[in-house]
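To start, the structure itself, in structure tokens.
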2 protein chains.
Amino acid sequence: MKSKITLKDIAKELDVSISTVSKALKNSKEISKDTKDKIKAFAKFYNYRPNNIALSLKNKRTKNIGVIIPDIVHHFFTTVFRGIEKYANEQGYNVIVCVSDESFEKEVVNMEMLANGSIDGFILSLSAETQLKNEFSHLKELLDQGIPIVLFDRVTSEIDCDKVILNDQEIAHEAVSHFINTGARKIALVTTEKFFNVSESRAKGYLQALRKNDIKVDEKLILTLPHDNDNATLIRNFFQNNKVDAVLCVNEIFGIQCLSIIQDLGYKVPNDISVIGFTDGILSRFSVPKLSTVAQHGEKMGEQAAQMLINRMESLGEEEPFKTEVINATLIKRGSTIN
Amino acid sequence: MKSKITLKDIAKELDVSISTVSKALKNSKEISKDTKDKIKAFAKFYNYRPNNIALSLKNKRTKNIGVIIPDIVHHFFTTVFRGIEKYANEQGYNVIVCVSDESFEKEVVNMEMLANGSIDGFILSLSAETQLKNEFSHLKELLDQGIPIVLFDRVTSEIDCDKVILNDQEIAHEAVSHFINTGARKIALVTTEKFFNVSESRAKGYLQALRKNDIKVDEKLILTLPHDNDNATLIRNFFQNNKVDAVLCVNEIFGIQCLSIIQDLGYKVPNDISVIGFTDGILSRFSVPKLSTVAQHGEKMGEQAAQMLINRMESLGEEEPFKTEVINATLIKRGSTIN
DNA sequence: TTGTAAGCGTTATCAT
DNA sequence: ATGATAACGCTTACAA
């Protein structure tokens, strides 16, 4: 077992000082060619690599980014993460991930854990509980300490920092307009509790599109579901009790569930009822018919967030105003809509 | 902007030495109650937290685990990751993830990047390319340097280290036996190129089960597909040209594709053809009929891997022999099989 | 051209 | 009961 070699080891071995070694390896012109060559050869032979921790301590920057997401087993977050990881790695940063599991407590604990020197900045999407409680002092404190934060997707206006969001309202509007343009009038919305600000925005777009087209909003056509799954009965009842031409679902699972239950009830998709979901995940691509859906371009969102964070970290001092970047979603028309 | 406070700051402020502060905060009995109280109160007020980087440098351990996975947008890896993250966090470890993207090069680069002090140990699943090249010197070197590694799922016998695997062969055997017990005789296998050792093991189980039941192996019933998707045509041809009673697929996507194409060709599932896939993901649960599948218990696998790694890191010196733990997969019988 | 020393934040050993 | 000092591995201003 040959342990990692340090500058000290090299110095001792070659009978020079540590700083000479350090300088030589950085190709400093202070050092004679001879010594440099000798030191470099030795270092190469023993595969010397500077210790990241020592560098971090010295430079007061870790080149690590902390990412806090509510759930990793979730296609959207997973694609965002991939975008973050990709961009960050390209820029020489590593990514430390913590999963908040939709819990406020975990979000706070994880962030504090990482904030004590482990990372240079955060990228996060708020947990459900954090949004519900509307409690953001942990973020405020970190920002106060000078740790930059980029919020994505599930953001809040209470916090002044860089953000990346989707044009949720607009795309929901577009989806509903598409329903209307293809003849639908009784348009349903299947959504989550409203403290999720993305659902709220999507609902706004839905309502806006109806109003703009002089379609009266029917509250009964808005189905609010408690969780991500096990809502089969509620959905079934909903479609049994309401005449619907089209339905917009705020996530992929709701979309797939509606698709399957609707067909099970004997309706034809898209002829009797059209369906559009959110998140262009694997479910949408392999359903029958394929689900029309809103692509959120998570990877792009992740890259954007990472870019904003790294920019801010590296331009420290210049104090640019905070920005909110909007990623434009795309409506992907597949078999579950009339196109 | 109130930056993080250090021991030095406290010492200066309270006019004591740094070591007194350090000891007081550790509740050392060397320090008088008075001073301790004063220091603790001050530290609490200013929300003092020791700097992780300094601790890492001092202790020569980072409490970070490096995780290298081939692909994050993949249900199985995602569940394993969740298991790792969960266990690691409970033990006070953070998780740094890098995605190898199935590339040998990236796997190597990422590992070297992290190995220079950023992490205390690795958990990884080999990239496709690494398996194809059969090149493991990067792992050997790290092990040589005393950095512990736990391999999971995609492992290799070339490397001597802790491993966590699935009983792939056994469960494939069980799946095929289930087909046989419910009357199938012409049993197909849809698999990937054989340098994936998991596919190889699953194929072995498939063959073994056939032989054990005196069913002649028909090479034509083994379909080898190049990638994870876009194989629709190959699959369609396969089922058009071969009379099949049942099909075992080595992953979820193949399973879902078969399910949908089979039905599209006019066969009834499971009455004409039964289907079993691998990975109990979201696709299997929302397909029509629901896909019978092999649950790989990724989360458990991740926890197991994290546990083995942390054990080894914390028992340094005791040199226990390397272990290979086997996670028992479960056959989940749903609508795509006769049960 | 090379070396010394201070410093990053902490802990531990050894004075006082 | 408290403090000085060295050490972890590295960089860098300053001496020599």
Side-chain angles (χ1 to χ4, degrees), chain A residues 3-40 42-43 46-64 114-120 145-146 316, chain B residues 3-40 42-43 46-64 92 114-120 145-147 316:
Chain A
S3 222
K4 288 246 97 177
I5 194 174
T6 69
L7 288 186
K8 201 183 187 179
D9 300 328
I10 302 183
K12 195 184 301 172
E13 212 60 40
L14 297 184
D15 214 45
V16 289
S17 78
I18 296 181
S19 57
T20 303
V21 179
S22 174
K23 286 170 186 165
L25 291 176
K26 296 199 113 67
N27 225 338
S28 159
K29 62 202 63 121
E30 281 181 31
I31 309 295
S32 74
K33 187 166 182 320
D34 269 15
T35 340
K36 275 199 284 199
D37 287 350
K38 190 177 61 174
I39 292 178
K40 280 191 202 161
F42 191 92
Y46 284 101
N47 194 27
Y48 169 79
R49 293 273 178 282
N51 179 309
N52 288 331
I53 297 294
L55 287 180
S56 296
L57 187 58
K58 180 109 254 272
N59 303 332
K60 291 173 148 287
R61 47 140 46 178
T62 60
K63 287 241 161 191
N64 286 160
L114 294 182
N116 299 313
S118 300
I119 53 88
D120 299 336
Q145 285 171 27
L316 232 122
Chain B
S3 224
K4 287 248 98 174
I5 194 175
T6 69
L7 288 185
K8 200 181 188 180
D9 300 329
I10 302 183
K12 195 184 301 173
E13 211 60 41
L14 297 184
D15 213 47
V16 289
S17 78
I18 296 181
S19 49
T20 303
V21 178
S22 174
K23 285 171 186 163
L25 291 176
K26 297 202 111 67
N27 225 338
S28 158
K29 63 200 63 113
E30 280 180 33
I31 309 295
S32 75
K33 188 168 180 322
D34 269 15
T35 341
K36 275 198 286 199
D37 286 351
K38 191 178 60 177
I39 292 177
K40 280 192 203 160
F42 189 92
Y46 283 101
N47 195 26
Y48 168 78
R49 294 273 180 279
N51 179 309
N52 289 330
I53 297 295
L55 287 179
S56 295
L57 186 58
K58 179 111 256 275
N59 303 331
K60 293 172 144 285
R61 47 143 44 179
T62 60
K63 287 238 160 196
N64 286 160
L114 294 181
N116 299 314
S118 298
I119 52 88
D120 299 336
Q145 284 169 28
I147 300 181
L316 233 122

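Side-chain atoms are counted along with the backbone in the values below, which use heavy atoms only and exclude waters and symmetry mates. Each chain gets a letter, A, B and so on, in the order its sequence line appears, and its residues count up from 1.
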task: Please state whether the phosphate of dG3(D), meaning OP1 or OP2, lies under 4.0 angstrom from any side-chain nitrogen or oxygen of S17(B).
output: yes
query: Between K29(B) and dA1(D), is there a side-chain N or O to OP1/OP2 distance below 4.0 Å?
result: no
message: Please report the distance, rounded to the nearest Å, between CG in D37(B) and P in dA1(D).
response: 13 Å
- request: Nearest whole angstrom, please: distance from the P of dT2(D) to the CG of L7(B).
  value: 16 Å
message: We want to know whether N51(B) and K4(B) form a side-chain donor-acceptor pair, criterion being a heavy-atom distance below 3.5 angstrom.
response: no
query: Atom CG of N52(A) and atom C1' of dT11(D): how far apart are they, to the nearest Å?
result: 15 Å
statement: d(K63(A) NZ, S56(A) OG) to nearest 0.5 Å is 10.5 Å
- prompt: Do other residues, nucleotides or ligands put more than 12 heavy atoms under 6.0 Å from Q145(A) CD?
  reply: yes
- line: The residue, L57(B) or V21(B), whose nearest nucleotide of DNA chain D is more 5′ is V21(B)
statement: Its 5'-most and 3'-most nucleotides having an atom under 4.0 Å from a non-hydrogen atom of chain A, DNA chain C is contacted over dT1(C) to dG9(C)
message: Between N116(B) and R49(A) (side chain of the first, backbone of the second, donor and acceptor by atom type, cut-off under 3.5 Å), is there such a pair?
response: no
- prompt: Has K60(B) got a side-chain N or O lying under 4.0 Å from the OP1 or OP2 atom of dA7(D)?
  reply: no
- line: Considering only heavy side-chain atoms of T35(B), the closest of dC10(D), dC8(D), dT2(D) is dT2(D)
message: Can you see if the side chain of T6(A) gets near the phosphate of dC8(D) - specifically, an N or O under 4.0 Å from OP1 or OP2?
response: no
- request: Taking only Lys NZ, Arg NE, NH1 and NH2, and the carboxylate oxygens of Asp or Glu, determine whether K38(A) and D34(A) approach each other closer than 4.0 Å.
  value: no
- request: May I ask you to check whether S19(B) and S22(B) show a side-chain donor-acceptor distance below 3.5 Å?
  value: no
field: Gap separating the OH atom of Y46(B) from the OG1 atom of T6(B), nearest 0.5 angstrom
entry: 13.0 Å
field: Rounded distance (Å) that lies between atom C1' of dC10(D) and atom CZ of R49(A)
entry: 16 Å
Give every pair of a protein N or O atom and an N or O atom of nucleotides 14-16 of chain D that lie under 3.5 Å apart, one pair per line with the distance.
none

query: From L57(B) CG over to L55(A) CG, what is the distance, rounded to the nearest 0.5 angstrom?
result: 10.0 Å
- prompt: With sugar-phosphate meaning primed atoms plus P, OP1 and OP2, does K58(B) contact a base, only sugar-phosphate, or nothing at under 4.0 Å between heavy atoms?
  reply: base
task: Return the value, rounded to whole Å, for the distance between atom CG of N51(B) and atom P of dC8(D).
output: 18 Å
query: Taking only N and O in the side chain of S19(A), is any of them less than 4.0 Å away from OP1 or OP2 of dT11(D)?
result: no
field: Gap separating the CG atom of N52(A) from the OG atom of S118(B), nearest 0.5 angstrom
entry: 3.5 Å
- request: Rounded to the nearest angstrom, tell me the gap between atom CZ in R61(A) and atom P in dC10(D).
  value: 18 Å
message: How many whole angstroms separate atom CG of N59(B) from atom P of dG9(D)?
response: 12 Å
- request: Measure the distance from NZ on K8(A) to P on dG9(D) and round it to the nearest whole Å.
  value: 7 Å
message: Run the side chain to side chain donor-acceptor pair (under 3.5 Å) test against K23(A) and tell me which residues pass, sequence neighbours left out.
response: E30(A)
